[in-house]
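By convention in this document, chain letters (A, B, ...) are assigned in the order of the sequence lines, proteins followed by strands, and residues within each chain are numbered from 1.
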Number of protein chains: 4
Amino acid sequence: MGIQERRKIEKEKIKKEIHKAASEIIIEEGYSKLSIRKIASKIDYSPSLIYNYYENKADIVLSIWQEKSSKIIHTMSNLKLNDSNEETNIKNLFKTYINLILESPKEYRAIMLNNIDIIKKSNFDFTEEEKNSLKIKETKKKYDKYLEEGLLRHVDTEKYAFFSWISINGFISNMVLSNNQDKEFLNKLIDEYVDFMIYGLFKNN
Amino acid sequence: MGIQERRKIEKEKIKKEIHKAASEIIIEEGYSKLSIRKIASKIDYSPSLIYNYYENKADIVLSIWQEKSSKIIHTMSNLKLNDSNEETNIKNLFKTYINLILESPKEYRAIMLNNIDIIKKSNFDFTEEEKNSLKIKETKKKYDKYLEEGLLRHVDTEKYAFFSWISINGFISNMVLSNNQDKEFLNKLIDEYVDFMIYGLFKNN
Amino acid sequence: MGIQERRKIEKEKIKKEIHKAASEIIIEEGYSKLSIRKIASKIDYSPSLIYNYYENKADIVLSIWQEKSSKIIHTMSNLKLNDSNEETNIKNLFKTYINLILESPKEYRAIMLNNIDIIKKSNFDFTEEEKNSLKIKETKKKYDKYLEEGLLRHVDTEKYAFFSWISINGFISNMVLSNNQDKEFLNKLIDEYVDFMIYGLFKNN
Amino acid sequence: MGIQERRKIEKEKIKKEIHKAASEIIIEEGYSKLSIRKIASKIDYSPSLIYNYYENKADIVLSIWQEKSSKIIHTMSNLKLNDSNEETNIKNLFKTYINLILESPKEYRAIMLNNIDIIKKSNFDFTEEEKNSLKIKETKKKYDKYLEEGLLRHVDTEKYAFFSWISINGFISNMVLSNNQDKEFLNKLIDEYVDFMIYGLFKNN
DNA sequence: CATGAATGAGGATTCATTCAT
DNA sequence: CATGAATGAATCCTCATTCAT
């Protein structure tokens with residue numbers, strides 16, 4: 001390992017420390033309390049050091065959001081839905097997503113609530129790109145397949161995929177903001193909500 | 001018109017200017033960017049003037065929210081649902097609410113996204129009180145009635161009322177954020193969304 | 001009574017209201033909390049009214065101080081010291097003064113502590129004029145008389161008059177700042193202090 | 001001298017500049033006029049700089065007082081009173097204290113007159129804790145010893161220790177406020193005052 | 001690479017005061 | 001006579017950021 005490589009690794013390490021500290025502050029105290037000073041003091045470096053690793057504060061927040069997003073994208077992309085019952089499969093898809101977000105509700109909430117300019121384009125907030133977002137397209141494909149297989153009552157699959165997701169977002173928003181800590185109750189609620197949302201779609205109900 | 005009356009009107013006028021300026025800042029830049037200085041500079045007065053009209057910053061924000069919510073409350077309270085088909089009635093209830101909010105989507109968006117402490121008590125945000133909110137209770141009552149009348153499939157009416165509203169909020173959030181201006185398209189989407197959401201509930205579908 | 005006279009009386013009345021309100025605020029909340037607005041709201045007039053009766057804030061404070069001073073001067077001037085024992089007489093002189101000040105310790109304290117420019121010249125704080133102040137001269141006269149009468153051990157009466165008063169002031173300062181509310185204890189302490197201070201002066205001790 | 005050391009010295013220098021500027025403002029204009037802006041403008045730096053050296057305004061004031069009081073405490077603690085005449089010893093104790101304070105009368109005056117919350121705990125102001133202060137206790141001990149040795153007329157030693165110090169404070173206050181610059185005259189006055197105060201206490205007078 | 005020094009802009013309030021009405 | 005409107009200066013403090021070292 002050359003010296004340059006070692007330096008790169010070292011650099012990456014500090015970058016991650018900054019990232020982590022910032023993330024923790026957001027979770028624990030909220031985005032509005034995030035400050036460069038606070039990050040610096042948390043990692044025991046001077047505030048100015050941070051500017052060697054990130055352009056500015058927004059850059060840090062963006063990186064937090066991107067990490068979050070990419071994890072969600074990755075998990076969702078690699079999700080295996082193998083149940084023989086397709087209704088179960090699609091419900092699991094939604095539940096997986098909901099659970100992913102609710103793993104770190106405070107972070108999501110903090111970012112969601114702060115209208116941060118730099119994050120607006122992301123795939124996971126409810127912006128105008130929503131309709132064209134990957135997750136909607138994927139869901140539409142599934143609905144199309146179910147339709148073909150005669151499982152679904154006749155609907156506009158694209159629209160219903162879209163509706164499904166924005167409803168899910170409504171549920172998530174509410175859960176995130178209500179800050180309910182009771183895991184068991186929450187899981188039951190998730191199940192019931194997905195049932196509620198999907199009920200009318202499948203023929204055999 | 002006496003001098004006192006004229007003064008009162010003048011006072012009201014400036015109060016409204018402040019209100020409007022603050023509202024615009026919230027809409028355009030987000031709540032976190034709202035400052036007394038900014039309001040003052042927008043209305044071309046000194047910052048201290050504002051304190052002649054409002055107690056403090058919170059007071060301004062509260063007044064914005066109250067204006068908004070009182071209109072919604074009033075309209076919803078006086079809503080007449082006379083259709084012979086109860087499914088239509090409940091759909092109209094949701095549609096009315098959606099339309100009310102989408103009248104000033106940016107304002108709603110700004111306030112919705114900011115979870116402002118002072119506004120927490122209100123009946124129309126989606127905080128933890130959501131489940132106990134007036135509109136959910138009212139909807140539960142309707143669902144109960146439909147259930148009695150044999151119109152509804154057997155569900156937990158309270159839970160479904162709650163789910164209905166958080167789904168609606170998901171839809172509204174998306175509409176608000178997507179900023180779609182095409183009224184006709186929007187109305188069709190609203191119809192379809194409410195159909196989607198309500199479909200599974202009623203027996204005869 | 002002419003209209004002008006009535007006006008004058010009315011004017012005087014409001015002036016006194018302002019004076020009283022200001023005094024109360026100083027006593028209850030301290031000089032640093034005194035503000036024109038607070039005075040105005042206490043007397044249920046607008047702040048600007050006050051400027052019809054007093055030049056400015058300093059003017060009000062000055063008038064409070066002057067009232068206090070003139071009362072002290074008046075009482076001290078008219079004090080009758082008739083006891084057959086001259087030591088008792090001089091002690092009563094000191095005690096009267098101490099009690100006068102301690103009647104409104106908070107007011108005294110507030111003014112004493114605030115280094116108010118306008119009051120600096122007064123006869124009753126411990127400024128450079130102290131040595132030439134009326135009360136010292138009077139006390140010297142008494143000491144001279146006692147000396148003549150053979151009651152006093154041989155001292156520089158002027159200096160001892162001066163010393164007496166600055167000691168008294170030390171005592172008062174301490175009492176005022178210590179804010180002791182126990183009247184009985186306080187009276188005993190005053191007695192004892194004056195004893196302590198005077199003890200060495202008189203021959204027969 | 002390493003770079004770190006030089007930096008430290010530089011830092012200390014500015015800290016002292018701030019300290020000094022604040023002290024001067026307090027002396028010249030009074031504590032109530034002390035402001036961060038004023039300090040900053042006096043040392044030709046921006047107000048925010050000050051927060052790199054002191055936590056806040058209170059921190060500055062505290063440091064001024066601590067510097068002052070620690071010197072006094074140190075000198076008084078190490079004072080050797082070896083005279084064969086105990087009356088002389090106790091007089092010297094008082095005189096030393098008086099002289100220490102009168103070394104920087106304006107600063108003492110400013111602080112003394114302002115009863116600053118942050119300073120309340122100190123041993124050298126004349127607040128309610130006065131009676132329990134170290135110097136009073138020490139003086140009581142001395143008086144007790146003199147009493148045992150048959151030097152003192154019979155008195156309540158605690159009370160007289162207390163009275164002694166508040167009288168001394170009265171004297172100091174007066175000297176400080178009168179701003180007399182004539183050292184020789186002042187020294188004579190100090191002698192005479194302590195004589196005056198102590199005279200009645202000792203038996204052989 | 002890391003940092004300490006420094007700043008300027010901005011945050012909410014408070015207040016005495018003036019002035020036209 | 002009384003006041004409401006308006007202001008400008010002041011308060012402490014926080015922060016992101018730059019720059020020389």
A.B. asks: Can you list, by residue number, the residues of residues 10-24 of chain B that have a non-hydrogen atom closer than 4.0 angstrom to DNA chain F?
C.D. replies: B:Lys11, B:Ile14
A.B. asks: Name all residues meeting the salt bridge (Lys or Arg N to Asp or Glu O under 4.0 Å) criterion together with A:Lys68; count only those two or more places apart in sequence or in a different chain, and write none if there are none.
C.D. replies: A:Glu107
A.B. asks: Mind checking D:Ser35 for me? I need base, sugar-phosphate or nothing, with any heavy atom below 4.0 Å counting as a touch.
C.D. replies: sugar-phosphate
A.B. asks: Please give, in whole Å, the distance from E:dT3 P to D:Lys8 NZ?
C.D. replies: 16 Å
A.B. asks: Side-chain N or O of A:Tyr45 versus OP1/OP2 of E:dC1: is the shortest distance under 4.0 Å?
C.D. replies: no
A.B. asks: Once you apply a heavy-atom cut-off of 4.0 Å, does A:Tyr54 come out as touching a base, just sugar-phosphate, or nothing?
C.D. replies: nothing
A.B. asks: Mind calculating the distance between OH (D:Tyr53) and P (E:dG4) to the nearest angstrom?
C.D. replies: 11 Å
A.B. asks: Between A:Ile43 (CD1) and E:dC1 (P), how many Å, whole number?
C.D. replies: 15 Å
A.B. asks: Using a heavy-atom cut-off of 4.0 Å across all strands, would you classify D:Leu34 as base, sugar-phosphate, or nothing?
C.D. replies: sugar-phosphate
A.B. asks: Identify, between C:Asp44 and A:Lys33, the residue whose nearest nucleotide on DNA chain F lies closer to the 5' end.
C.D. replies: C:Asp44
A.B. asks: Looking only at non-hydrogen atoms, find the nearest pair between D:Ile43 and D:Glu17 and report the distance.
C.D. replies: CG2-O, 3.7 Å
A.B. asks: With nearest nucleotides of DNA chain E determined for B:Lys38 and A:Leu49 from heavy-atom distances, which residue corresponds to the more 5′ nucleotide?
C.D. replies: A:Leu49
A.B. asks: Between C:Lys8 and C:Lys11, is the side chain to side chain contact (heavy atoms under 4.5 Å, CB included) condition met? List the steps.
C.D. replies: CA-CA 5 Å; C:Lys8 219 176 182 176; C:Lys11 183 149 192 165; 5.5 Å; no
A.B. asks: Which nucleotide sits closest to the side chain of B:Asn52: F:dA2, F:dA5, E:dG4?
C.D. replies: F:dA5
A.B. asks: Going by salt bridge (Lys or Arg N to Asp or Glu O under 4.0 Å), name the residues that satisfy it together with A:Lys71, two or more places apart in sequence or in a different chain.
C.D. replies: A:Glu103
A.B. asks: Apply side chain to side chain contact (heavy atoms under 4.5 Å, CB included) to C:Ser41 and list each qualifying residue two or more places apart in sequence or on a separate chain.
C.D. replies: none
A.B. asks: What is the distance, to the nearest angstrom, from the CG atom on D:Asp59 to the C1' atom on F:dC12?
C.D. replies: 14 Å
A.B. asks: Which atom pairs, donor and acceptor, lie under 3.5 Å between side-chain atoms of residues 44-55 of chain B and protein residues at least two apart or in another chain?
C.D. replies:
unit_1, atom_1, unit_2, atom_2, d
B:Ser46, OG, B:Ser48, OG, 3.3
B:Tyr54, OH, B:Lys15, O, 3.3

A.B. asks: Should D:Ile64 and D:Val61 be marked as a side chain to side chain contact (heavy atoms under 4.5 Å, CB included) after you check the CA-CA gap, both sets of side-chain angles, and the distance that decides it?
C.D. replies: CA-CA 5 Å; D:Ile64 291 174; D:Val61 179; 5.5 Å; no
A.B. asks: How long is the line joining CD1 of B:Ile9 and C1' of F:dA5, in whole Å?
C.D. replies: 17 Å
A.B. asks: Apply salt bridge (Lys or Arg N to Asp or Glu O under 4.0 Å) to A:Lys38 and list each qualifying residue two or more places apart in sequence or on a separate chain.
C.D. replies: A:Glu29
A.B. asks: Of the non-hydrogen atoms in C:Val176 and C:Pro105, which two are nearest, and what is the gap between them?
C.D. replies: CG1-O, 3.8 Å
A.B. asks: Pairing of DNA chain F as dot-bracket, 5' to 3': ( ) intra-strand, [ ] crossing, | other strand, . unpaired, with Watson-Crick or G-U pairs under 3.5 Å?
C.D. replies: .||||||||||||||||||||
A.B. asks: Taking side chain to side chain contact (heavy atoms under 4.5 Å, CB included) as the test, write out the residues that go with D:Lys42, two or more places apart.
C.D. replies: D:Ala21, D:Glu24, D:Ile25, D:Glu28
A.B. asks: Restricting both atoms to N or O, compile the protein contacts to nucleotides 17-21 of chain F shorter than 3.5 Å, with distance only.
C.D. replies:
unit_1, atom_1, unit_2, atom_2, d
F:dT17, OP2, A:Tyr51, OH, 3.0
F:dT17, OP2, A:Lys57, N, 3.3

A.B. asks: Restricting to non-hydrogen atoms, name the atom on D:Ile39 and the atom on D:Ala22 that form the minimum distance, rounded to 0.1 Å.
C.D. replies: CD1-CB, 3.8 Å
A.B. asks: List in chain and number order the residues that pass side chain to side chain donor-acceptor pair (under 3.5 Å) with C:Ser63, two or more places apart in sequence or in another chain; answer none if no residue qualifies.
C.D. replies: C:His19
A.B. asks: Give the rounded distance in Å between these two atoms: CD of B:Glu29 and C1' of E:dG11.
C.D. replies: 15 Å
